[in-house]
Engineer: 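What follows is a single structure, and I will ask about it in a moment.
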Amino acid sequence: MNTKLETRTMHAWTQTRYGAPDAVQDVVVDIPLPGPLEVVVRVRASSINAADIHIMRGEPLLLRAFFGMRRPRVGTRGRDVSGTVVAVGSGVADLAIGDEVLGELAGGGLAEYVKTPADQLVRRPGALDPVAASALPLAGGTAWQAVELGGVAARQRVLVIGASGGVGTYTVQLAALRGAEVWALCGARSRKLVEDLGAARTFDYKTTDAAGLPAASFDAILDIAGTAPLRRLRSMLRPGGTLVLVSGEGGRLLGPIGRILRAGLLSRGAGGRRIRPLAARTKPELTAELAALAAEGRIRAAIERTWPLSEARNALAHVDAGHTVGKVVVVMAPA
Ligand SMILES: NC(=O)c1ccc[n+]([C@@H]2O[C@H](COP(=O)([O-])OP(=O)(O)OC[C@H]3O[C@@H](n4cnc5c(N)ncnc54)[C@H](OP(=O)(O)O)[C@@H]3O)[C@@H](O)[C@H]2O)c1
């Protein structure tokens, strides 16, 4: 193992039970050491995603079968990380101490250091600052996969529902980048932002029911809010169009599963209109592509605000409240 660590302990926001943000505590623990094929990163910034909140609360309950039945197996939230490699385990060929990186990890970003398999990280381009970099992987990767699944292409008309959140702000940009005409449903205060990101038309979701938008007029609908009736959304598609379900409101036990099953039934006999649930995967190659686009200024992270690590719980509470505009980032003190 090769390391340039000078201290042995660190602060990490850690939970030993599922719950609201007060379940997450600032504790001092040993800095992890890298095993084979792993590196340790000194975290520079970590953005919060809806996924962190689902895991923090252990809801929907079905999620506990994958993340830990009694408590989260990874106790520290923060899946999106940018930082500097400070220790390298055996067998790591592509990264060295001092490299600036970003990536979507299994968690651990709300800490001064995090250990991860090296292959989850990509290099951060110099033109991309660490705060913006940390806001990219999960939300940007989800947006990319949603746009891809929707088959979004130039000159199509696309509706993004839930355009003002973390995933939505990237979805609007990536669809516009493909040359689509983007319509968006978002929070009223975020309409200007969403238009600046590339939406041709925006609507306040509280006063504009999706049912009020024209029928049979969209080539793709990317639903990141998950509340509008599926039958109505399907009727808004042109023949051959695709409805992508990124999110789905549901019960405390099974979450979006009910909506996904209904989507399967509605897809039958839908006149060539498809309904496709998205299960986004962590893809470092997408993170690298997103980082390159951001470094070239072709997409940007819309960052609502940052918090210092000492106040990470406030960042979690803010995202937990469900009204994030773009992204929320926890920023570490400079080394
Ligand atoms: N399928 C997958 O693989 C996958 C991957 C990642 C995320 N997701 C899911 O995607 C969802 C969105 O994640 P996110 O990080 O983007 O969330 P987020 O940042 O918390 O989204 C909040 C934003 O959505 C707006 N909003 C809330 N309800 C809305 C509605 N009914 N219509 C339109 N806009 C609405 C809010 O506006 P106001 O503040 O004005 O209310 C706020 O700006 C989550 O449910 C998450 O679990 C799924």
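We count ligands from 1, going down the list as the structure has it; atoms in each ligand are counted the same way.
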Engineer: Among all the protein's non-hydrogen atoms, which is closest to atom 44 (C) of ligand 1, and how far away is it?
Structural biologist: Ala50 CB, 3.8 Å
Engineer: Taking distance alone, with N or O pairs closer than 3.5 Å, would you say Val325 contacts ligand 1?
Structural biologist: no
Engineer: Numbering the atoms of ligand 1 from 1, which are under 4.0 Å from a heavy atom of Thr227?
Structural biologist: 31 (N)
Engineer: Does some side-chain heavy atom of Leu63 sit less than 4.5 Å from a side-chain heavy atom of His54?
Structural biologist: yes
Engineer: Can you check whether Thr306 reaches Val330 side chain to side chain, under 4.5 Å on heavy atoms?
Structural biologist: no
Engineer: Closer than 4.0 Å to some heavy atom of Ala225 - which atoms of ligand 1 meet that?
Structural biologist: 29 (C), 30 (C), 31 (N), 32 (N)
Engineer: Heavy-atom contact check, 4.0 Å cutoff: does Ala279 meet ligand 1?
Structural biologist: yes
Engineer: Which is it for Thr142 and ligand 1 at heavy atoms under 4.0 Å: side chain, backbone, both or neither?
Structural biologist: side chain
Engineer: How long is the gap from CZ on Arg57 to CZ on Arg252, to the nearest 0.5 Å?
Structural biologist: 9.5 Å
Engineer: If you measure from each heavy atom of Arg189 to ligand 1, is any distance below 4.0 Å?
Structural biologist: yes
Engineer: Within the 4.5 Å heavy-atom criterion, are Leu293 and Trp144 side-chain neighbours or not?
Structural biologist: yes
Engineer: Any idea which protein heavy atom is nearest atom 40 (O) of ligand 1, and the distance to it?
Structural biologist: Gly187 CA, 3.2 Å
Engineer: Using a 4.0 Å heavy-atom threshold (strictly under), name the region of Ser164 that reaches ligand 1: side chain, backbone, both or neither.
Structural biologist: both
Engineer: With distance as the sole criterion, is a donor-acceptor pair present between the side chains of Arg77 and Gln15 under 3.5 Å?
Structural biologist: yes
Engineer: Around atom 7 (C) of ligand 1, find the nearest protein heavy atom and jot down its residue, atom name and distance.
Structural biologist: Val167 CG2, 4.0 Å
Engineer: For the side chain to side chain contact (heavy atoms under 4.5 Å, CB included) test, which of Val167, Ile48, Val319, Asn49 pairs with Lys327?
Structural biologist: Asn49
Engineer: Taking a cutoff of less than 4.0 Å between a non-hydrogen atom of the residue and any ligand atom, is Val319 in contact with ligand 1?
Structural biologist: no
Engineer: Can an N or O of Leu278 be found at a distance shorter than 3.5 Å from an N or O of ligand 1?
Structural biologist: yes
Engineer: Looking at atom 26 (N) of ligand 1, what's its closest protein heavy atom, distance included?
Structural biologist: Tyr205 CE2, 3.7 Å
Engineer: Show me which atoms of ligand 1 lie under 4.0 Å from any heavy atom of Thr324.
Structural biologist: 19 (O), 22 (C), 23 (C), 42 (C), 43 (O)
Engineer: In terms of residue, atom name and distance, what is the protein heavy atom nearest to atom 48 (C) of ligand 1?
Structural biologist: Val246 O, 3.0 Å
Engineer: Is it true that Gly322 lies under 4.0 Å from ligand 1, counting heavy atoms only?
Structural biologist: yes
Engineer: Identify the closest protein heavy atom to atom 12 (C) of ligand 1: which residue and atom is it, and at what distance?
Structural biologist: Ile224 CG2, 3.5 Å
Engineer: Specify the protein heavy atom at minimum distance from atom 19 (O) of ligand 1: its residue, its atom name, and the distance to 0.1 Å.
Structural biologist: Gly166 N, 2.9 Å
Engineer: Could you tell me if the side chain of Val114 sits less than 4.5 Å from the side chain of Val40, heavy atoms only?
Structural biologist: no
Engineer: Do me a favour and list the nearest non-hydrogen protein atom to atom 21 (O) of ligand 1 with residue, atom name and distance?
Structural biologist: Gly165 CA, 3.5 Å
Engineer: For Leu185, take its heavy atoms, then give the atoms of ligand 1 lying under 4.0 Å from any of them.
Structural biologist: 33 (C)
Engineer: Is there a nitrogen or oxygen of Ser247 sitting under 3.5 Å from a nitrogen or oxygen of ligand 1?
Structural biologist: yes
Engineer: Going from CD1 on Ile303 to OG1 on Thr324, what distance comes out if it is rounded to the nearest 0.5 angstrom?
Structural biologist: 12.5 Å
Engineer: Could you check whether Thr76 and Thr14, counting side-chain N and O atoms only, form a donor-acceptor pair closer than 3.5 Å?
Structural biologist: yes
Engineer: Decide yes or no for Leu278 and Leu245: does some side-chain heavy atom of the first lie under 4.5 Å from some side-chain heavy atom of the second?
Structural biologist: no
Engineer: Without hydrogens or angle criteria, can the side chains of Arg274 and Thr242 be said to hold a donor-acceptor pair below 3.5 Å?
Structural biologist: yes
Engineer: May I ask you to test the Ile221-Met236 pair for a side-chain heavy-atom distance under 4.5 Å?
Structural biologist: yes
Engineer: Should the heavy atoms of other residues, nucleotides or ligands under 6.0 Å from CG of Asp94 be counted, would the total exceed 12?
Structural biologist: no
Engineer: Any side-chain heavy atom of Val331 sitting closer than 4.5 Å to one from Trp307?
Structural biologist: no
Engineer: What atoms of ligand 1 come within less than 4.0 Å of a heavy atom belonging to Ala280?
Structural biologist: 2 (C), 3 (O)
Engineer: Around Arg298, counting heavy atoms of other residues, nucleotides and ligands shown, do more than 12 lie under 6.0 Å from its CZ?
Structural biologist: no
Engineer: I need the atoms of ligand 1 closer than 4.0 Å to a non-hydrogen atom of Gly162, numbered in the order shown.
Structural biologist: 33 (C), 34 (N)
Engineer: Examine ligand 1 and decide if any of its atoms is less than 4.0 Å from a heavy atom belonging to His54.
Structural biologist: yes
Engineer: Lys206 versus ligand 1: do any nitrogen or oxygen atoms come within less than 3.5 Å of each other?
Structural biologist: no
Engineer: Determine, using heavy atoms of Ser190 and all atoms of ligand 1, whether some pair is separated by less than 4.0 Å.
Structural biologist: no
